[in-house]
Every structure is written in C-alpha cells, then in structure tokens.
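Hydrogens, waters and symmetry mates are skipped; everything else that's a heavy atom, side chains included, is used. In this text, all values refer to a predicted model and were calculated from it rather than measured experimentally.
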Amino acid sequence: MAKLTKSLRKQADGAERAAVSARDPDVADDLHAMAQAYRAQADVIRSKKEKGDKDVLKRRSKQ
C-alpha cells in the first residue's frame, strides 16, 4: 500500500504544479480540487492501514 499512497501523493503534486501554471482560472480550480482528492484518498488508505483494516486493503487490491 505504500506504493499506492506514494503514487497518489505524486499525482497530487503534479496536479498542483499544473494548477499553478494554468492560465484559465476554472482549470486551475479543477486541478486544485483534483490534487485535494488525491491527497484525501492517500490519507484514507494510510489511516485504514494504521488501524489494521485488512478488509479495505484487500478490496482495494482486487479492483
């Protein structure tokens, strides 16, 4: 799962960089929201892992 959370955070960083360079404010807002969503997903996975919720992790790996 560490790879997944690391990947999500990397995607969030890329979305933030793209948002900063976007010329269209609507696009920038969408990219900021996307980055926030990636980070939220990573946080959920991390918290589930810390709690030891193996069922959630197993369901995620089957998808």
Side-chain angles (χ1 to χ4, degrees):
M1 282 301 124
K3 289 182 182 181
L4 179 57
T5 56
K6 186 175 181 178
S7 174
L8 288 168
R9 293 193 191 287
K10 195 172 185 178
Q11 291 290 342
D13 291 343
E16 284 291 344
R17 283 191 302 273
V20 169
S21 65
R23 294 178 188 261
D24 185 329
D26 291 332
V27 171
D29 289 343
D30 289 346
L31 288 167
H32 281 296
M34 188 184 310
Q36 185 178 6
Y38 282 133
R39 288 191 182 98
Q41 289 175 348
D43 290 343
V44 167
I45 291 168
R46 184 187 64 201
S47 69
K48 296 292 183 182
K49 184 178 179 185
E50 288 173 356
K51 290 180 182 178
D53 191 347
K54 303 294 183 192
D55 292 335
V56 171
L57 298 177
K58 286 180 185 176
R59 284 194 304 265
R60 176 68 180 141
S61 65
K62 288 181 182 179
Q63 294 178 349

A.B. asks: Would you compute the distance between atom NZ of K6 and atom CD1 of I45 and round it to the nearest 0.5 angstrom?
C.D. replies: 15.0 Å
A.B. asks: So, for A35 and A15, which heavy atoms are closest and what is the spacing to 0.1 Å?
C.D. replies: CB-CB, 3.9 Å
A.B. asks: Do the non-hydrogen side-chain atoms of Q41 and Q11 ever get within less than 4.5 Å of each other?
C.D. replies: no
A.B. asks: Is it possible for you to say whether V44 and Y38 belong to one hydrophobic cluster, with membership spreading through side-chain heavy-atom contacts below 4.5 Å?
C.D. replies: no
A.B. asks: For the residue pair L31 and A22, what are the closest heavy atoms and their distance?
C.D. replies: CD1-CB, 4.4 Å
A.B. asks: Do the side chains of L4 and R46 get nearer than 4.5 Å, heavy atoms only?
C.D. replies: no
